[in-house]
**Student:** 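Sharing a structure below in structure tokens format, with a few things to ask.
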Amino acid sequence: MPLPLDKLLNPQQLEAATWPEGPVCIVAGAGSGKTRVITHRLAHLVETGRARPEECLAVTFTNKAARELRDRVDVLLPGTAYRMWVSTFHSAAARILREAHGYLGLPRGFVIYDQDDSVRLIKQICGELNIAKDLISTYAHRIEQLKHQAIPPEKFEPDPFDIPGKRVREVYTAYEARLARAGAVDFGGLIVLALKVARENPEASYSLGRIRHAVVDEYQDVNRAQAALVETLAPRLGSLAVVGDDDQSIYRWRGASAYSLLQFTETFPATHQVRLEENYRSTGRILKLANEIIRQNPGRLTKELWTRADDGPMIRLRQLRDDRSEAAWAVDDSLEAIRTGTRPSELAFLYRTNAQSRPLEEALHRARIRYRILGGLRFYERREVKDVVSYLRLVANPDSEMDLRRIINVPARAIGDTTLSQLAAAAQAAKVSLWGALALPEEALAAAGMKAAGRTKLREFGTMLGELRAACAGRAPAVAITEVIARTAYDQHLRLEEDGQERLDNLASLARAANDYEEDARRANEPATLEAFLERVSLESGDENEGADSAESVTLMTLHSAKGLEFDAVYVMGVEEDVLPSARAVSSEDAEALNEERRLAYVGFTRARRRLTLSMCQQRLVFGEIRYGTPSRFLRELPPSFVREHLVGDLHAILPRAALASAMPRFDRAPRPEPRSVDRGETRVVYDDAPTAPRRPRATTAVLDLDVDERDMVAPRGGGFAPGSGVLHAQYGRGTVEGVTGTGDNARVDVFFPEHGQKRIVAKYLRRA
DNA sequence: CTCGCCAGGCTTTTT
DNA sequence: GCCTGGCGAG
């Protein structure tokens, strides 16, 4: 029975889901039912008989999104969906390479190097080329960017003013050669090589060759290479739909650009464009705020989200004294929400940088609220996991240089730097991989200066690895893991360490991941190979946080990882200058960098269905030292009238004094929580939620573990500090005023402290001496 | 060659 | 404030 699409979708969605052929560009705002359109489009293709499931490809960026898409298509097309190819860009590319490895000259068991691996390799090469190490990250970044644009070393023409460019080319060339010798492909290379297959010989990949219909999600985040891949496939396709939102392009630093989305109609003149602007997620206020923020950005496909929903509750704004109080306040507030019936899984705390999770975790821990962190610490990046994975990769592909380097002396085998570089020299001379060099005749190694002791150790290592490979050949991944641990005595090695037990547990988890993979493979009717398991390990973060108990937990994550998700109540924390927008974006003077931060704020705010809370603090610990913060320009840019109508809380933090005065009457009418005092063990949380007197902006609403001195500090009226006068500061002590910039709450005072030198301090943190 | 200590860098964000 | 990588002692 076909799905009654016209009942399930609004007219624009229906058009987007059913437009029959050729290129379709779907500009879909946040919460406009984008995934719904994609899944129904795929289902519609199959139901109308225009496509067989195996002719359909759907591509997204994150594994999370791919999984969700797959699950939701499965609901619409039970039993058929698994025949579709639903995948991330990178996994799709890996599959193409797997199938076309012969054409590409890659070994069957080629390994995928993550960013860490490639930086290490570039470092290695730079060392050999005598390049200063402070340039390594620059080169790594340049090479990565070139690969994002699918520019190979020989096509890279640095312009004459590009001083490092020449060496970039040199390093890049060497890097590509080394990857090839190691039988390895980096993230960028996956796309570049898939593009090569698509251009030259698409039939070399069985999966690729049969695709007739494609949907590409998050098209605003494709880089040049990915766009080229899509564009190359287009002529072979009966239909191609790209879906995206230029306002949610947040991966510029990774080479992404909304350019391909904005230019899509130019690239394919036959394109049918559809816009989805009706939002089904958030309240009117949240959308108004989001629209108000994002309209500051130039060059958009100006769309404006709207909703039939009501305005909803006011958006709350809180300014706290420091990051610990900010976390404590938000956690306490969320506790209240949970008490009044919000499910923990409907609460999310979003922040700009992972480092901001720490105070939150501590506060949640104290409040005994369960939480899960998405993103954060990645399972597969743990040292012991990477070590064992390196052994597994060597089983699949012994030539992998970075993996061999990683474990050749782990556990310790008395093979140190000296022996290793002699081996590398011998390998270079013989033009073979490090593994290949292990099999070189004694004389070749001796010629590289290696002593007999080193040669013996290497020989032993080579034998061990050879036996391990033989023992694992054709066996299931879980068996291979057991073999690795047993034959290398890796568990013994861990037991000697301080936190060895925890690391052993992680290896047990790795084994579990392998079992899970085998289970998945069985279900998908595919053989469970070590190669495919390793591919999963390389391309997925290994978040175990998607566990079944998540309904009982609140969620913590960066704004980036929040894209595509939604929650009833969202706390966006640290809405401050140098945080959101990031310090880097602020200091770079690069307008596009700031615009991207603004989009990030937009993404964050639009995650909330009903309750949105923004918080900021006056000082926070950055690298262990105190930094003074001011409210984000994204809030200060808001028209005062808008703020008065839709926000409650510490409005004085973001409104000019004049605008604040007229805001007060309205502010007084806002529902006002009872002032509370909560005693929880050693932590004292005191609230002062009463609206602040207009004349004395006491921004602090929560005080946590502060010295009495500091608590007593009150902003001096008018910030009137005359140069030459004496002042007191809680950290720096007594000092002399050198000058003043800004006015009101934004006033900064340059103060000279005899013991600390000159500092620029927000006026409210100073007292007259 | 290994171990342990210290300095310095790090924080954007992720496949 | 934490981690890594580099360096020096044994």
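Every chain is numbered from 1 and lettered A, B, ... according to where its sequence line falls, protein lines coming before strand lines. Keep in mind that this is a model prediction, so the values were computed, not measured.
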**Student:** Given the side-chain rings of A:His365 and A:Tyr371, with only the six-membered ring counted for Trp, is the space between their centroids under 6.0 Å?
**Tutor:**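 No - the distance between ring centres of A:His365 and A:Tyr371 does not fall below the 6.0 Å cut-off.
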**Student:** Quick test: give all pairs of protein nitrogen or oxygen and nucleotides 5-10 of chain C nitrogen or oxygen below 3.5 Å, distance rounded to 0.1 Å.
**Tutor:**
none

**Student:** Would you call the rings of A:Phe61 and A:Phe89 parallel, tilted or perpendicular if under 30° counts as parallel and over 60° as perpendicular?
**Tutor:**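 A:Phe61 vs A:Phe89 ring planes: tilted.
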**Student:** Is there a stack between A:Trp253 and B:dT13, judged by ring centres under 5.5 Å and planes under 30°?
**Tutor:**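 Aromatic stack with B:dT13 present for A:Trp253.
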**Student:** Give one of base, sugar-phosphate or nothing for A:Gly416, where a contact means two heavy atoms less than 4.0 Å apart.
**Tutor:**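 The answer is sugar-phosphate, as A:Gly416 gets under 4.0 Å only of primed atoms, P, OP1 or OP2.
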**Student:** Between A:Ser87 and A:Arg70, does any side-chain donor sit less than 3.5 Å from a side-chain acceptor?
**Tutor:**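 Result is no, nothing qualifies.
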**Student:** Are a donor atom and an acceptor atom from the side chains of A:Thr630 and A:Glu577 found within less than 3.5 Å of each other?
**Tutor:**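 Distance-only check fails for A:Thr630 and A:Glu577.
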**Student:** According to side chain to side chain contact (heavy atoms under 4.5 Å, CB included), who are the partners of A:Asp247, at least two apart in sequence or on a separate chain?
**Tutor:**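 For A:Asp247, the residues satisfying side chain to side chain contact (heavy atoms under 4.5 Å, CB included) (neighbours in sequence not counted) are A:Asp245, A:Ile294, A:Arg300, A:Lys303, A:Tyr602.
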**Student:** Could you tell me whether the phosphate oxygens of B:dT15, OP1 or OP2, come under 4.0 Å of any side-chain nitrogen or oxygen in A:Ser91?
**Tutor:**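 For B:dT15, neither OP1 nor OP2 has a side-chain N or O of A:Ser91 closer than 4.0 Å.
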**Student:** Taking for each residue the nucleotide of DNA chain B with the nearest heavy atom, is it A:Leu539 or A:Val622 whose nucleotide lies nearer the 5' end?
**Tutor:**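 Nearest-nucleotide comparison on DNA chain B picks A:Val622.
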**Student:** For the residue pair A:Trp253 and A:His560, does the interplanar ring angle fall in the parallel (under 30°), tilted (30 to 60°) or perpendicular (over 60°) class?
**Tutor:**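 Judged by the thresholds at 30° and 60°, the geometry between A:Trp253 and A:His560 is perpendicular.
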**Student:** Hey, which sits more toward the 5' end of DNA chain B by its nearest nucleotide, A:Ala412 or A:Ser538?
**Tutor:**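 Going by which nucleotide is closer to the 5' end, it is A:Ala412.
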**Student:** Is the aromatic ring of A:Phe89 within stacking range of B:dT15, meaning centres under 5.5 angstrom and planes under 30 degrees?
**Tutor:**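 So A:Phe89 does not count as stacking on the base.
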**Student:** Looking at every strand, decide which applies to A:Phe187 at a 4.0 Å heavy-atom threshold: base, sugar-phosphate, or nothing.
**Tutor:**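 Base contact.
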**Student:** Classify A:Glu596 by what it touches in the nucleic acid, base, sugar-phosphate, or nothing, heavy-atom distance under 4.0 Å.
**Tutor:**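 Nothing: the residue A:Glu596, judged by heavy atoms under 4.0 Å, touches no strand.
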**Student:** Under 4.0 Å between any heavy atoms, over every strand shown, what does A:Ile415 touch: base, sugar-phosphate, or nothing? Just pick one.
**Tutor:**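 Sugar-phosphate contact only - A:Ile415 comes under 4.0 Å of backbone atoms but never of a base.
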